[in-house]
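Notes follow the structure.
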Amino acid sequence: MRPSLPPTSRASGRCARSTTLIRGGRHMALYLGIDLSTQGVKAELIDPENPAAGSGGFAVGFGADLPQYGAPEGFVPDPDPLVRAADPAMWLDAFDLLFARMRDAGAPLGEVAGISGSAQQHATVCLRECFPRVLGNLDPGKTLAEQLVPCLSRRFSPIWMDRSTARECRELEARFGDRLRRETGSPAVERFAGPQIRKFAKEAPEAYRDTAAIHLASSFFCSVLCGAPSPVDYGDGAGMNLLNLRTLVWDGEIAAFTALGLPGRLPRAVPSATIAGGLSGYFEKYGFRAGTPVAVWSGDNPGSLIGVGAGEPGIAVVSLGTSDTFFAAMRSFHTDPDGYGHVFGDPAGGFMSLICFSNGSLAREAVRKECGLSYEAFDRVTPVPESEHLLLPYFVPESTPLVLEPGAEYGFDWASAPAEERVRALLESQILSMRLHSAWQNEAFRRIRVTGGASKSAALRRIIADVFQSEVETIAVSNSAGLGAALRAANAIGGIPFDMLYGRFCAPVSVTRPDPARKARYDRMLEAYRQLEAGRSGTAAARLR
Ligand SMILES: Nc1ncnc2c1ncn2[C@@H]1O[C@H](COP(=O)(O)OP(=O)(O)O)[C@@H](O)[C@H]1O
Ligand SMILES: O=C(CO)[C@@H](O)[C@H](O)COP(=O)(O)O
């Protein structure tokens with residue numbers, strides 16, 4: 001059994017466990033998976049022939065390790081809660097730091113046979129014409145940031161938390177109506193790349209003219225590894241409002257309307273098992289072999305679908321990272337009539353659903369601090385009271401349902417409630433919202449796999465099991481996006497079938513069984529939550545109509 005990443009992994013360096021992959025020994029072929037998330041970059045190194053031997057995982061936290069960027073939560077603080085951007089220079093420095101740490105810890109990077117990765121979804125990186133030339137001539141004597149920042153035509157990248165494109169979404173909806181949802185898998189969505197690019201082209205036309213290529217964070221980092229521009233995979237590409245999921249090519253009409261000349265600025269869209277290229281010689285300084293095959297990167301949620309072993313329909317996944325997401329491989333392509341759910345490419349083939357709640361760990365963090373609790377205490381107090389208190393947990397702008405003006409709304413006397421009641425109300429409300437807004441999938445999932453930082457919380461796992469009346473399973477590695485990237489590399493490059501990899505790396509290590517006695521309670525609370533949400537001014541039950 002592989003132990004999970006200890007909580008310290010976020011802060012810095014290598015996790016406490018040190019295993020055989022670091023201590024030495026011969027390996028047939030190792031695969032490396034990297035995940036660039038909102039708050040840090042993490043890596044998982046696996047040996048498919050010896051799944052018990054882990055690297056322990058490596059991590060760089062933007063706040064703790066790169067404080068000079070002033071982005072403690074991974075984005076540049078902005079007084080406007082709708083504006084959220086990150087500095088690609090910080091991401092690039094984190095990459096150099098991550099690989100240096102792996103080399104210094106003795107990770108056998110020379111034995112890596114294949115690499116892939118994933119990134120937080122929707123973030124765009126805009127690049128000048130010089131990008132391919134600079135990439136092809138990276139100087140190992142300099143840092144990635146020193147060399148690549150001059151290629152940026154937009155200095156900061158809007159990330160998935162940005163909600164400043166309501167106008168552009170309205171324009172896209174007015175032009176294409178329901179075709180957007182039916183063919184790109186989602187209505188126009190504020191955080192998606194298309195509306196973000198439209199806003200950029202309108203507000204900074206010169207910088208847009210100076211832009212030769214627009215990458216997602218995933219295809220940007222795949223390009224950096226390969227030393228040449230990389231395609232976008234269907235998993236992450238579907239989060240742009242630009243990819244036609246019926247034809248699996250960029251929708252020329254939608255792209256041309258989004259911004260003049262956009263079709264010529266987009267990388268190719270390809271299946272997730274595509275080999276993007278060979279590793280750039282720049283990375284030899286960390287001990288890698290130049291030319292090591294790199295499989296295209298994906299989004300962190302599609303990557304996690306693979307990392308928890310749920311690439312086939314039947315198991316739902318709840319990822320409790322900075323955002324909370326609920327997703328599952330789909331049996332058939334269908335879209336959410338309310339417009340909150342999305343359809344992305346499943347890296348194992350076919351499609352996956354996804355619903356994103358922006359008030360995931362950020363909301364839990366806000367309440368935890370307000371109550372002055374540690375996470376251990378937070379976890380201990382939650383199962384105690386059986387009160388049926390609810391709140392709308394909009395501590396930051398919310399995607400599901402769409403809430404642009406943040407402000408939590410309480411269905412009970414919040415100020416005088418004891419800390420444990422507040423915490424329980426928050427966690428139950430978050431999971432009830434998840435049940436409410438995932439119903440469009442029309443599938444009763446009997447098994448849910450949980451992942452992400454907050455999946456360590458036994459209280460949250462209990463609430464998920466009881467609210468959904470499903471078994472809730474964990475796997476050993478909580479960095480499922482990083483593990484998913486390593487598994488994708490082993491599949492695409494090593495030719496190892498996913499079901500074999502799932503069997504070796506994704507077996508459940510804990511199961512929380514639902515308590516049937518709580519079913520009636522949560523059915524009742526779901527109805528009460530629906531009414532609380534419907535009664536809030538400025539919160540639409542459906543994005544569309
Ligand atoms: N024991 C815990 N209980 C609840 N939340 C936790 C716990 N440990 C960590 N977290 C939360 O996990 C979050 C990070 O999760 P992670 O999956 O690493 O995020 P991301 O991939 O989005 O950067 C932190 O914001 C923190 O609030
Ligand atoms: O916007 C979405 C999904 O559509 C987010 O889930 C991002 O992909 C960020 O992921 P985390 O950093 O929270 O894992």
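Starting from 1, each residue takes its place in the sequence as its number. Numbering of ligands and ligand atoms starts at 1, following listing order.
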Pick one of side chain, backbone, both or neither for how His122 approaches ligand 2, counting any non-hydrogen atom pair under 4.0 Å. side chain
Step by step, would you call Arg447 with Glu471 a salt bridge (Lys or Arg N to Asp or Glu O under 4.0 Å)? CA-CA 5 Å; Arg447 289 163 72 199; Glu471 293 194 348; 5.6 Å; no
Does Asp65 form a salt bridge (Lys or Arg N to Asp or Glu O under 4.0 Å) with Arg101? I'd like the steps, not just the answer. CA-CA 12 Å; Asp65 292 313; Arg101 281 187 173 160; 3.0 Å; yes
Purely on distance, is any nitrogen or oxygen of Asp35 under 3.5 Å from one on ligand 1? no
Tell me, please: is Lys42 in heavy-atom contact with ligand 1, that is, under 4.0 Å? yes
Do any N/O atoms on Ser323 end up under 3.5 angstrom from N/O atoms on ligand 1? no
Which is it for Leu172 and Leu180 under the side chain to side chain contact (heavy atoms under 4.5 Å, CB included) test, yes or no, and what are the steps along the way? CA-CA 8 Å; Leu172 279 155; Leu180 272 177; 3.9 Å; yes
Answer yes or no for Arg364 and Phe378: cation-pi contact, defined as NZ/CZ to six-membered ring centre under 6.0 Å and angle to ring axis within 45°. no
Over 60° means perpendicular and under 30° means parallel, so classify the ring planes of Phe468 and Phe326, tilted if in between. parallel
Is the Tyr410 ring parallel, tilted or perpendicular to the Trp414 ring (thresholds 30°, 60°)? parallel
Check this for me: Glu370, atom CD, are more than 12 non-hydrogen atoms of other residues, nucleotides or ligands nearer than 6.0 Å? yes
How about Ser478 and Ser455: does a side-chain donor come under 3.5 Å of a side-chain acceptor? no
Pick from Gly453, Ser374, Ala59, Gly61: the one approaching atom 7 (C) of ligand 1 most closely through a non-hydrogen atom: Gly453
Taking the non-hydrogen atoms of Glu365, is any one of them nearer than 4.0 angstrom to ligand 1? yes
Hey, what do you get for OG (Ser399) to CD1 (Ile355), rounding to the nearest 0.5 Å? 11.5 Å
What about Thr38: any of its N or O atoms under 3.5 Å from an N or O on ligand 2? yes
Ranking Ser361, Ser455, Ala363 by closest non-hydrogen atom to atom 24 (C) of ligand 1, top hit is Ser361
Filtering Gly321, Cys356, Gly303 for the heavy atom nearest atom 2 (C) of ligand 2 leaves Cys356
For Ser37, atoms of ligand 1 separated by under 4.0 Å from a heavy atom: 20 (P), 21 (O), 23 (O)
Measure Thr322 to ligand 2 on non-hydrogen atoms and call it side chain, backbone, both or neither using the 4.0 Å cut-off. both
Which atoms of ligand 1 sit under 4.0 Å from any heavy atom of Gly452? 17 (O)
Are there over 12 heavy-atom neighbours, none belonging to Glu365, within less than 6.0 Å of that residue's CD? yes
I'd like to check whether Tyr375 has a polar contact with ligand 1, where a contact means an N/O of the residue lying under 3.5 Å from an N/O of the ligand. yes
Looking only at protein heavy atoms, which one is nearest to atom 3 (C) of ligand 2, and what is the separation? Asn301 ND2, 3.3 Å
Looking only at heavy atoms of Gly299, does any of them come nearer than 4.0 Å to an atom of ligand 2? no
Where ligand 1 meets Thr322 - atom numbers and elements under 4.0 angstrom, heavy-atom basis: 19 (O), 20 (P), 22 (O), 23 (O)
Note: ligand 2 atoms sitting under 4.0 Å from heavy atoms of Ser323 are 5 (C), 6 (O), 9 (C), 10 (O), 11 (P), 13 (O)
So that I know where these two stand, are Phe344 and Phe351 an aromatic pair - ring centroids less than 6.0 Å apart? no
Enumerated ligand 2 atoms positioned under 4.0 Å from heavy atoms of Thr325: 6 (O)
Atoms of ligand 2 close to Asp300 [distance to a heavy atom under 4.0 angstrom, numbered from 1]: 8 (O), 9 (C), 10 (O), 11 (P), 12 (O), 14 (O)
The atoms of ligand 2 lying under 4.0 Å from a heavy atom of Gln121, numbered in the order shown, are 3 (C), 7 (C), 8 (O)
Tell me which part of Arg191 gets within contact of ligand 2: side chain, backbone, both or neither, using heavy atoms under 4.0 Å. side chain
Report yes or no: is the cationic atom of Arg84 (NZ for Lys, CZ for Arg) closer than 6.0 Å to the six-membered ring centre of Trp160, at no more than 45° off its axis? no
Do the side-chain N and O atoms of Ser223 and Ser230 include a donor-acceptor pair separated by under 3.5 angstrom? no
The atoms of ligand 2 lying under 4.0 Å from a heavy atom of Leu354, numbered in the order shown, are 3 (C), 4 (O)
How far is atom 7 (C) of ligand 2 from its nearest protein heavy atom, and which residue and atom is that? Trp160 CG, 3.6 Å
Centroid-centroid distance, His334 to Trp440, less than 6.0 Å: yes
